[in-house]
Amino acid sequence: MAATPIPRHIKFILAGLMLSVFMGMLDGQIVATSLPKVVTDLGGLNLFAWVTTGYIIAASVITPLSGKLGDLFGHKRVVMGSIGVFMAGSLASGLAGSMHQLIAFRVLQGLGAGGLVTGVFAILGALFSPRDRAKYQSYFAANFAVAALAGPAVGGILSDHLGWRWVFFINLPIGIAALLMLGLLLKLPVIKRNPVVDYPGIALLSGAIVTLILFASWGGSRYAWSSPVIIGLGAATVLIAALFIAVERKAVEPVIPLRLFQDSTFSLCAALGIIGGAVFLGSVNFLALFAQGVTGASATVSGLVLLPMMFGLVASTMITGQVISRTGRYKWFPVASMAVGLVGVSLLATMTADTSRVVACLFMILLGIGSGLSQQVLTLAAQNSAPMRDIGAITGTVTLARQAGTALGLSVFATIFYTRLGHQLPKHLTPALEAELAGKGGASSLASTHGLSPALAHAVSSAYADALTPVFIATIPLLATGLVIALFLKNVPLQKAERGAPAAAKPEPQLAHANESDKD
């Protein structure tokens with residue numbers, strides 16, 4: 001039986017949604033490449049880390065809030081508003097005259113970026129039936145791959161030939177195209193409700209997210225885990241989270257409706273999101289570290305070394321989406337994700353200084369496949385488990401769970417690595433090699449072993465390999481726990497027709513007469 005053709009205007013809407021997400025994803029990649037030139041121009045080397053940290057905090061805070069605001073006021077408004085805020089932040093960042101200004105404008109950008117992913121996937125939930133949604137959500141994995149692969153090259157070209165300010169200005173034409181497509185063509189049905197904004201919940205959730213991100217970012221790096229600052233941030237996170245839960249129990253329209261956690265599918269998807277974020281996203285930095293610190297690859301080459309993992313992720317995500325779209329069943333994909341990931345990290349834990357790049361790439365492919373098997377499935381399953389009126393809150397909460405897992409995973413794994421490296425380096429360095437390494441600025445200043453003498457390169461790469469092994473070993477119990485959790489997921493068949501909402505594949509006139517209150 002032939003598939004129902006997609007109306008042309010729906011294709012343009014999908015293109016607008018993909019451009020919106022692509023803009024946010026690309027920005028993170030190209031800005032990182034241009035930061036050295038930004039510091040050279042604006043100064044403020046002691047502040048440059050906040051260019052990224054401020055962006056991440058703002059995006060993390062707004063992610064769950066944008067979902068709930070979309071449920072209350074319309075997801076189209078939230079997405080278009082997020083695009084507008086992101087463009088304003090991009091323009092202001094490109095015109096920044098100091099590092100302080102740039103950090104402030106990057107926070108504005110982050111507020112826009114945080115609303116994009118949640119809003120876009122909530123719109124997909126409103127437009128398409130769950131089974132069709134599985135297919136279309138998988139396309140966004142390719143979007144992510146293109147942004148990740150093209151970002152560093154685009155950032156380098158713009159910075160070298162047009163100046164670092166164009167790293168931000170490039171977002172403007174992309175944003176304008178997305179606004180035109182969505183503004184002119186997207187019309188959504190609206191579930192009528194009397195919006196009541198949960199201001200105390202918003203304030204408390206924002207505070208908990210900020211303290212959690214700072215706790216994860218600073219712990220073990222800027223401050224020792226036992227320092228008063230980190231202990232204070234951890235205690236503040238727990239206290240504010242407890243107050244948030246107490247407030248949400250009484251709120252009329254809570255930011256994160258606690259009743260959602262009564263559904264086991266939603267709760268399990270949130271838990272798997274935390275584990276997946278920690279392992280599949282938190283470990284990527286350490287794979288790049290293996291390529292540079294152990295195999296001696298340059299930053300550019302290490303990016304190429306990670307290509308197989310990205311291809312594995314995209315391929316498995318696309319295939320998963322197509323299969324779920326045809327069968328309507330999803331349970332065994334998260335199970336397979338945890339199982340394949342478990343095999344992948346176990347193999348990565350066996351790598352030594354003598355492991356070839358080819359073998360390492362094969363192991364990375366497995367990790368990428370494991371990641372792709374659950375990349376969009378968790379959001380899809382969670383959306384399928386609750387009413388349409390909460391689709392934004394559902395999407396935002398699952399996304400936030402993944403972000404929290406990534407931040408915590410990065411922090412814990414970094415602590416494991418640097419602690420282990422401090423113990424391993426003295427074992428591999430002779431006094432002469434220690435003196436040579438000190439002349440190079442020490443191990444912390446090495447971006448790669450490229451250019452070191454053969455003896456020093458081998459000693460450093462051996463220490464790096466030995467330090468990375470416990471990082472991958474630490475992911476094994478996490479994935480094993482995830483595997484057990486995934487087995488408890490209910491295999492609820494995905495519907496072909498959305499509950500109470502028209503599917504995008506229905507005739508165009510039906511969409512054209514959707515509730516006009518969601519038009520901008």
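Side chains are part of it too, since the values below use all heavy atoms of this structure and drop only hydrogens, waters and symmetry mates. Every value quoted in this text rests on a predicted model; they were computed, and no experiment measured them.
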*asked:* Working note: M351 + L468, criterion side chain to side chain contact (heavy atoms under 4.5 Å, CB included); need CA distance, chi angles, decisive distance, verdict.
replied: CA-CA 9 Å; M351 295 190 302; L468 284 168; over 6 Å; no
Ignoring hydrogens and angles, tell me if any N or O in the side chain of [X] forms a donor-acceptor pair with the backbone of [Y] under 3.5 Å.
X    : Y    : result
S371 : L367 : no
S411 : L408 : no
T475 : F472 : yes
R131 : R326 : yes

Heavy-atom pair with the smallest gap, counting every atom of [X] and [Y]:
X    : Y    : value
G110 : I62  : O-CG2, 4.1 Å
G277 : T406 : O-OG1, 3.2 Å
A134 : S325 : CB-N, 4.1 Å
L366 : G344 : CB-CA, 4.1 Å
Q109 : F86  : O-CD1, 3.3 Å
A271 : I485 : CB-CD1, 4.2 Å

*Test M23 against I83 for side chain to side chain contact (heavy atoms under 4.5 Å, CB included), laying out the working first.*
CA-CA 9 Å; M23 178 176 64; I83 295 173; 4.1 Å; yes
_Enclosure of F261 CZ (heavy-atom neighbours >12, cutoff 6.0 Å)_ = yes
From [X] [atom1] over to [Y] [atom2], what is the distance, rounded to the nearest 0.5 angstrom?
X    : Y    : atom1 : atom2 : value
M318 : T320 : CE    : OG1   : 10.5 Å
K135 : L124 : NZ    : CG    : 12.5 Å
I394 : D263 : CD1   : CG    : 8.5 Å
I319 : I324 : CD1   : CD1   : 12.0 Å
L373 : T317 : CG    : OG1   : 7.5 Å
R402 : T379 : CZ    : OG1   : 4.5 Å

*Only one of L489, V492, T265 clears side chain to side chain contact (heavy atoms under 4.5 Å, CB included) with K331; which?*
L489
Sequence neighbours excluded and cut-off under 3.5 Å, please list the side-chain donor-acceptor pairs for residues 113-120, or say none.
from	atom 1	to	atom 2	distance (Å)
T118	OG1	T63	O	3.3

Is there a side-chain contact between [X] and [Y] (heavy atoms, below 4.5 Å)?
X    : Y    : answer
V31  : T52  : no
T419 : P470 : no
W218 : I230 : yes
F12  : L184 : no
I209 : I57  : no
P130 : Q383 : no
P257 : K68  : yes
F280 : L313 : no

*Start with the C-alpha gap between L186 and L127, add the side-chain angles, then the distance that decides, and say whether side chain to side chain contact (heavy atoms under 4.5 Å, CB included) holds.*
CA-CA 10 Å; L186 178 61; L127 282 178; 4.1 Å; yes
*Aromatic rings Y136 and F128: how do their planes relate, parallel, tilted or perpendicular, breaks at 30° and 60°?*
tilted
Got a list of side-chain donor-acceptor pairs under 3.5 Å for residues 234-249, not counting sequence neighbours?
from	atom 1	to	atom 2	distance (Å)
T237	OG1	T211	OG1	2.9
T237	OG1	L212	N	3.4
T237	OG1	L233	O	2.8
E248	OE2	V255	N	2.8
E248	OE2	I256	N	3.2

_Trace of the side chain to side chain contact (heavy atoms under 4.5 Å, CB included) decision for L272 with M338_ = CA-CA 9 Å; L272 288 172; M338 298 296 136; 4.2 Å; yes
